[in-house]
There are 2 protein chains.
Amino acid sequence: MTNNDHQDAVAHEPEPRTADSRAEAFHGVRAARRNELAEDYVELIAELIHTQGEARPVDIATKMGVTAPTVAKTLDRLARDGLITRAKYRSVFLTEEGRALAKECRHRHEIVLRFLLSLGLDSETAERDAEGIEHHVSERTLALFAAFANRS
Amino acid sequence: MTNNDHQDAVAHEPEPRTADSRAEAFHGVRAARRNELAEDYVELIAELIHTQGEARPVDIATKMGVTAPTVAKTLDRLARDGLITRAKYRSVFLTEEGRALAKECRHRHEIVLRFLLSLGLDSETAERDAEGIEHHVSERTLALFAAFANRS
DNA sequence: GCAGATTGTTAGCCTTGTCTAACTTTATGC
DNA sequence: GCATAAAGTTAGACAAGGCTAACAATCTGC
Ligand SMILES: [Mn+2]
Ligand SMILES: [Mn+2]
Ligand SMILES: [Mn+2]
Ligand SMILES: [Mn+2]
């Protein structure tokens, strides 16, 4: 990730001594928000490569529910950030970094989803909520989710 | 909310027959994302009014961890959307609609937080994760969270 | 009651993420 | 092998949400 420095920076309080703990929480949330889209894209791209053999922009657009130009621009940003490689009119490939992120995201998605299902949620709602929640669970929370899902 | 029509629209599939269920999930997530900031602001404003007697931009900026001009611009949007009223150089007030949203948000925040704590999470992490997760839990999930937190 | 500090506003810049319209390239079917 | 369809790109608009710099209003302490 390009912007993860912020994530880390927050840890040792870069603020000029305004360090309200609430402000720090919001900083963390904003940092997470900045990565959401990239995470969803690489996760989807990995899945398409796995199930279809390749990740084509048209399929990304369909699954994401956005238009083709939106996908094009987003892919350009992902390429700039070193998560994918692409060539004009060709399908999309993940870089090593992209693959690593995709794997991590899939793992998180999986755990959050299993957790919600194990709480008794219907699968459609679980899928929808997981898609949003997955970007906002810390390692600790994830561990607790995994433990709960396994134990039940 | 101004943009909530989207939320509802999604329910009876407005897409031209591309209705991938994944796409619908992402539509829902994007709709939730559009309301996150407004939700955080009205919740904070309500809290400031309650604890300080009034909500001043400077305090909003401190708690949110952003600069004053950012707050100013955001407050203008909230006013435009009918959630607050404000006058130049004066503190901020919630409209009826704003109060309703704030109440709902506080309720959701509370439940998500209690739920995370009841899972065994430390309070700092719980607060941080709740701040992000709260915007992505459906009514159903919230009900399950509440039940779990109460039962434990 | 005024100087200086604090608070608030305005202007303007930047990036992200969405869209439509128009065009180009590639794939497909006969 | 060519016409048409499908996929992809490019250009450009627009709103949100962040920032800094500069200025204006208000508050505070003496
Ligand atoms: Mn997601
Ligand atoms: Mn996901
Ligand atoms: Mn929040
Ligand atoms: Mn909250």
Side-chain angles (χ1 to χ4, degrees), chain A residues 1-3 5-6 9-10 14-16 18 23 26-41 44-45 48 52 54-81 83-84 86-93 135, chain B residues 1-3 6 9-10 14-16 18 23 26-41 44-45 48 52 54-81 83-84 86-92 135:
Chain A
M1 282 289 68
T2 274
N3 258 345
D5 23 356
H6 200 251
V10 150
E15 17 270 290
T18 328
F26 280 122
H27 260 98
V29 172
R30 281 195 296 273
R33 278 174 199 164
R34 278 194 300 276
N35 296 326
E36 286 183 283
L37 202 67
E39 291 180 356
D40 285 337
Y41 268 75
L44 174 57
I45 289 165
L48 286 170
Q52 319 285 297
E54 60 175 349
R56 309 180 85 250
V58 67
D59 294 324
I60 298 174
T62 301
K63 301 273 187 192
M64 293 289 300
V66 295
T67 62
T70 295
V71 169
K73 210 180 270 191
T74 303
L75 291 178
D76 284 344
R77 281 196 303 272
L78 296 181
R80 180 202 61 192
D81 294 345
L83 294 170
I84 65 169
R86 75 202 215 90
K88 267 194 188 179
Y89 300 100
R90 312 292 273 279
S91 61
V92 176
F93 299 89
H135 311 281
Chain B
M1 278 296 61
T2 274
N3 259 344
H6 201 252
V10 150
E15 16 270 291
T18 328
F26 280 122
H27 260 100
V29 173
R30 281 194 295 272
R33 277 173 198 163
R34 279 193 298 275
N35 296 325
E36 286 183 280
L37 203 64
E39 292 179 356
D40 286 337
Y41 267 75
L44 175 56
I45 289 165
L48 286 171
Q52 319 285 296
E54 61 174 350
R56 312 179 82 252
V58 67
D59 294 323
I60 299 174
T62 300
K63 301 274 188 190
M64 294 287 301
V66 296
T67 61
T70 295
V71 169
K73 210 181 271 193
T74 304
L75 291 178
D76 284 344
R77 280 197 302 271
L78 295 181
R80 181 203 60 192
D81 294 346
L83 294 169
I84 65 169
R86 74 201 215 91
K88 266 193 185 179
Y89 299 100
R90 313 292 272 280
S91 61
V92 176
H135 311 282

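Letters go in sequence order (proteins before strands), and every chain restarts at 1.
Minimum atom distance to the side chain of Y89(B) is reached by dA24(D), of the listed dA24(D), dT20(C), dC19(D). For L37(B), counting side-chain heavy atoms from C-beta on, the closest listed nucleotide (dG17(D), dT16(C), dT20(D)) is dG17(D). The listed nucleotides are dC19(D), dT18(C), dT9(D); the one nearest the side chain of T70(A) is dT18(C). Checking dT9(D), dT7(C), dC19(D) against the side-chain heavy atoms of K88(A) singles out dT9(D) as nearest. Which of dG8(C), dT18(C), dC19(D) sits closest to the side chain of V66(B) comes down to dC19(D).
Residues R33(B) and L37(A) have side chains in contact (heavy-atom distance under 4.5 Å, counting atoms from C-beta outward).
Looking at R56(B), its side chain never comes within 3.5 Å of a backbone N or O of V92(B) through a donor-acceptor pair. A donor-acceptor pair is defined here as one N or O able to donate and one able to accept, closer than 3.5 Å; such a pair exists between the side chain of T74(B) and the backbone of T70(B).
Looking at heavy-atom distances under 4.0 Å, R56(B) makes contact with sugar-phosphate atoms alone, never a base. Heavy atoms of R86(B) sit under 4.0 angstrom from primed sugar atoms or phosphate atoms, though from no base atom.
When rounded to the nearest whole Å, the span between CG of D40(A) and C1' of dG17(C) equals 13 Å. The interatomic distance linking D81(A) (CG) with dT15(C) (P) rounds to 12 Å, in whole Å.
Between the side chain of K73(B) and the base of dG12(C), a donor-acceptor pair under 3.5 Å is found.
An OP1 or OP2 oxygen of dG17(C) is reached within less than 4.0 angstrom by a side-chain nitrogen or oxygen of R77(A).
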Report task. Kindly indicate, with the supporting measurements, whether the criterion salt bridge (charged side-chain N to carboxylate O under 4.0 Å, His left out) is fulfilled by E36(A) and R34(A). Result -> CA-CA 6 Å; E36(A) 286 183 283; R34(A) 278 194 300 276; over 6 Å; no
